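Each remark here refers to the structure printed beneath this line.
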Number of protein chains: 2
Amino acid sequence: MVARLRSAGLRPTRQRIDLGKLLFARGDRHLTAEILHEEAERSNVRVSLATVYNTLHQFTEAGLLREVSVDGARTYFDTNVSDHHHYFVEGENRLIDVDGKIRIGEIPAPPDGMEISAVEVVVRIRPKPDKQ
Amino acid sequence: MVARLRSAGLRPTRQRIDLGKLLFARGDRHLTAEILHEEAERSNVRVSLATVYNTLHQFTEAGLLREVSVDGARTYFDTNVSDHHHYFVEGENRLIDVDGKIRIGEIPAPPDGMEISAVEVVVRIRPKPDKQ
DNA sequence: ATTTGTGCAAATCGTTTGCATCTGA
DNA sequence: TCAGATGCAAACGATTTGCACAAAT
């Protein structure tokens, strides 16, 4: 983690190292600041919520995380920074990676003087209604 | 407007009628509660912000509006309820309809017991960097 | 008359900020 | 040493809520 932070141009402080470990220990994850903060507490990592927010944003700028806004309310951070899309589980407010590619056709040219910076696809899903 | 509200199952109150007129007078629009509230004030329509929020949500449930969450911070309501996608202008926090179709390929099957309720595509755009 | 909607102000929620203190290089 | 990070609590902006009053059926 220390090396990873250094090469991202971030000082390897205690809290950044600890949060980085929590974030990247398991595979791909989607989490909010709140969730990471709780997880830290459970792991006896002492960090303030403000620092969690700072760290998430710094990691995002450094390219270690990707921000996904899908919900209006909270902001999700994705430990998978590769180009991919998401299911959003309605009601549960949970993100799931779409495994496999979604092919997107030609996109009409944006207005003059503008260029495309990213294309995000969110597939909203919900439980299938019970068969009666 | 009165008829439209009635057939949507909403009581045609003064504020709903006035807000409805503001919303649907011009063509397709994307607005936040705040913006509609300001617009109402400018048009000498007296409504509280709370009522603007209520009305926007009721209209959405009634299918007169569509909610677009793209920003994390504020919620946009779209007077165009047909199936279409959006450009999101970074920095300006503004939505623009994508004219024309975006063709989306096969979407991998969602997890068991889940069904797709909607597919939203957001194309983030930004000013082209000045040529030096 | 009864139900439903409205306005206001206070409350809430996620997030940011100001500032004194601490820490890594 | 000292720029940069952290923690705390207060500030914030968008949205919601509780409740007394008003308007629609």
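Just so you know, these numbers come straight off a predicted model, no measurement behind them. Per chain, numbering begins at 1; letters A, B, ... match sequence-line order.
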Could I get the full list of side chain to side chain donor-acceptor pair (under 3.5 Å) partners for D28(B), not counting sequence neighbours?
N80(B)

Can you list, by chain and residue number, the hydrophobic cluster partners of V81(B) when the side-chain cut-off is 4.5 Å?
none

Sequence neighbours excluded, which residues qualify as salt bridge (Lys or Arg N to Asp or Glu O under 4.0 Å) partners of R6(B)?
none

Please find the earliest and latest nucleotides of DNA chain D, in the 5' to 3' direction, that have an atom within less than 4.0 Å of any heavy atom of chain A.
dA3(D) to dC8(D)

Residue pairs passing the ring-ring contact (aromatic ring centres under 6.0 Å, His included) test with at least one member in residues 32-71 of chain B, sequence neighbours excluded, are H57(B)-F77(B)

Quick check: do F24(B) and L65(B) have side-chain heavy atoms less than 4.5 Å from each other?
yes

Is it true that a side-chain atom of T79(B) and a backbone atom of R29(B) form a donor plus acceptor pair closer than 3.5 Å?
yes

Show the distances under 3.5 angstrom between N or O atoms of the protein and N or O atoms of nucleotides 15-17 of chain C.
{"from": "dT15(C)", "atom 1": "OP1", "to": "T75(A)", "atom 2": "N", "distance (Å)": "2.8"}
{"from": "dT15(C)", "atom 1": "OP1", "to": "T75(A)", "atom 2": "OG1", "distance (Å)": "3.0"}
{"from": "dT15(C)", "atom 1": "OP2", "to": "Y53(A)", "atom 2": "OH", "distance (Å)": "2.6"}
{"from": "dT15(C)", "atom 1": "O5'", "to": "Y53(A)", "atom 2": "OH", "distance (Å)": "3.1"}

Which ring-ring contact (aromatic ring centres under 6.0 Å, His included) pairs, counting each pair once, include a residue from residues 84-105 of chain A, with sequence neighbours left out?
H30(A)-H86(A), H84(A)-H86(A)

So, with a heavy-atom separation below 4.0 Å from DNA chain C, the residues of residues 3-16 of chain B are R11(B), T13(B), Q15(B), R16(B)

Taking the axis from the first five pairs and the axis from the last five, what angle separates them in the helix from dA1(C)-dT25(D) to dA25(C)-dT1(D), rounded to 10 degrees?
30°

Can you name the residues that form a salt bridge (Lys or Arg N to Asp or Glu O under 4.0 Å) with R11(B), not counting sequence neighbours?
none

Apply side chain to side chain donor-acceptor pair (under 3.5 Å) to the pair Q15(B) and T55(B), showing each step before the final yes or no.
CA-CA 9 Å; Q15(B) 12 297 73; T55(B) 303; over 6 Å; no

By the salt bridge (charged side-chain N to carboxylate O under 4.0 Å, His left out) test, which pairs, at least two apart or in different chains, include something from residues 108-122 of chain A?
E115(A)-R126(B), E120(A)-R124(B)

Can you give me every donor-acceptor pair (side chain of residues 40-48 of chain B, partner residue at least two apart or in another chain, under 3.5 Å) with its distance?
{"from": "S43(B)", "atom 1": "OG", "to": "E39(B)", "atom 2": "O", "distance (Å)": "2.9"}
{"from": "S48(B)", "atom 1": "OG", "to": "T51(B)", "atom 2": "N", "distance (Å)": "3.2"}
{"from": "S48(B)", "atom 1": "OG", "to": "T51(B)", "atom 2": "OG1", "distance (Å)": "3.1"}

Would a 4.5 Å heavy-atom cut-off, applied to side chains only, mark L31(B) and L23(B) as touching?
yes

